[in-house]
Amino acid sequence: MPGTTLSEDLQQTHGRGGAGDSGGDGGDSGGPGIPAVPQRAYITGMSVALAGILMFFMALTSAFIVRKGISLDWQPFALPKILWLNTAILLASSWTILRARKFFRLGDMPNFSHWWNVTTAMGLFFLAGQLLAWRQLAAAGVFLASSPSNSFFYVLTAAHGLHLLGGIVALLFVGLRWQHQTHLTPATATEVVSIYWHFMDGLWVFLFLLLYLGR
């Protein structure tokens with residue numbers, strides 16, 4: 001109900017047996033008059049969304065490979081070293097969100113909130129690092145329109161950054177509990193957001209290797 005905190009919502013969810021976190025057969029209901037929706041419905045929806053995102057990036061990857069193969073003006077450039085740090089931060093954020101999920105299942109709400117917020121902060125640090133990488137490239141004369149290789153770097157990193165920003169918004173939604181009556185219980189929200197976050201982490205590792213090895 002309005003005025004409740006995330007901690008109270010989570011405790012109420014566990015008090016009802018954690019139906020939204022058990023495996024998908026339990027229903028989620030955010031309040032009177034809001035129909036129960038199985039957790040598996042949200043996970044299925046997320047899976048479909050991730051499949052669409054994957055197809056989009058595979059299309060960009062195919063264009064990258066084909067363009068590099070036929071291009072006479074492909075100009076390799078050194079990737080900013082901060083991208084290695086960014087990659088480490090994002091990989092670490094997958095571990096911190098796993099920690100948050102562990103404490104959620106145990107009903108330890110203070111530790112859940114701590115690790116969830118750490119994950120959110122790491123996501124913000126990653127985006128800040130990406131912006132810094134862009135500034136470093138611009139300072140070195142590597143611009144979007146300089147060559148096809150440059151264009152693909154900016155397009156791929158920008159597309160991933162926008163999708164990751166969506167994940168940060170979702171993390172904030174769960175952490176700050178902006179909505180109090182919704183089809184999503186905290187159990188389902190944390191599960192679905194975690195799936196998306198791990199996908200974004202794995203996608204970045206793939207893109208980083210593509211950019212590094214495909215220069």
Treat each ILVMFWY residue as a node, draw an edge where side-chain heavy atoms are under 4.5 Å apart, and state whether [X] and [Y] are in one component.
| X | Y | value |
| --- | --- | --- |
| L165 | M46 | yes |
| L209 | F64 | no |
| V205 | W95 | no |
| V48 | M55 | no |
| V155 | F126 | yes |

Under the 3.5 angstrom rule, does the side chain of [X] hit a backbone N or O of [Y] as a donor-acceptor pair?
| X | Y | result |
| --- | --- | --- |
| H160 | L203 | no |
| S113 | P110 | no |
| T190 | A187 | yes |

What are the two closest non-hydrogen atoms of [X] and [Y], and how far apart are they?
| X | Y | value |
| --- | --- | --- |
| W197 | S94 | NE1-N, 4.4 Å |
| P76 | S149 | N-OG, 4.4 Å |
| A133 | L83 | CB-CD2, 3.9 Å |
| I168 | L124 | CD1-N, 3.8 Å |
| G123 | L164 | O-CD2, 4.2 Å |
| I89 | M122 | CG2-O, 3.5 Å |

> Can you check whether R101 reaches E191 side chain to side chain, under 4.5 Å on heavy atoms?
Replying inline: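 In contact.
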>> Pair I53, M200 - check side-chain contact (heavy atoms from CB on, under 4.5 Å), show working.
In response: CA-CA 10 Å; I53 294 173; M200 285 296 112; 4.2 Å; yes
If you round to the nearest 0.5 Å, how far is [atom2] of [Y] from [atom1] of [X]?
| X | Y | atom1 | atom2 | answer |
| --- | --- | --- | --- | --- |
| L207 | T157 | CG | OG1 | 9.0 Å |
| Q130 | N86 | CD | CG | 4.5 Å |
| R67 | S62 | CZ | OG | 15.0 Å |
| F206 | L54 | CZ | CG | 8.5 Å |
| L85 | L90 | CG | CG | 11.0 Å |
| S47 | R40 | OG | CZ | 13.5 Å |

>> Between L156 and L210, does the side-chain contact (heavy atoms from CB on, under 4.5 Å) criterion hold? Intermediate values first, please.
In response: CA-CA 10 Å; L156 287 169; L210 175 69; 4.1 Å; yes
>> Parallel, tilted or perpendicular: which one describes the rings of H163 and F56, with boundaries at 30° and 60°?
In response: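 Taking F56 first and then H163, their aromatic rings sit tilted (interplane angle of 30° to 60°).
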Less than 3.5 Å apart, any donor N or O on the side chain of [X] or [Y] sitting next to an acceptor on the other?
| X | Y | result |
| --- | --- | --- |
| T119 | S93 | no |
| W116 | T96 | no |
| N150 | Q75 | no |

> By side chain to side chain donor-acceptor pair (under 3.5 Å), which residues pair with W204, not counting sequence neighbours?
Replying inline: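 Expected list: T87.
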>> Does I97 form a side-chain contact (heavy atoms from CB on, under 4.5 Å) with D201? I'd like the steps, not just the answer.
In response: CA-CA 11 Å; I97 204 170; D201 288 359; over 6 Å; no
>> Applying side-chain contact (heavy atoms from CB on, under 4.5 Å) to Y154 and L137, what does each step give before you reach the verdict?
In response: CA-CA 10 Å; Y154 282 106; L137 287 176; 3.5 Å; yes
> Between Y212 and W84, is the gap from one ring center to the other below 6.0 Å?
Replying inline: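 Aromatic pair counts; centres sit under 6.0 Å.
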> What do the steps show when you test F77 against F153 for ring pair (Phe, Tyr, Trp, His ring centres under 6.0 Å), and what is the final call?
Replying inline: CA-CA 10 Å; F77 61 92; F153 174 86; 5.7 Å; yes
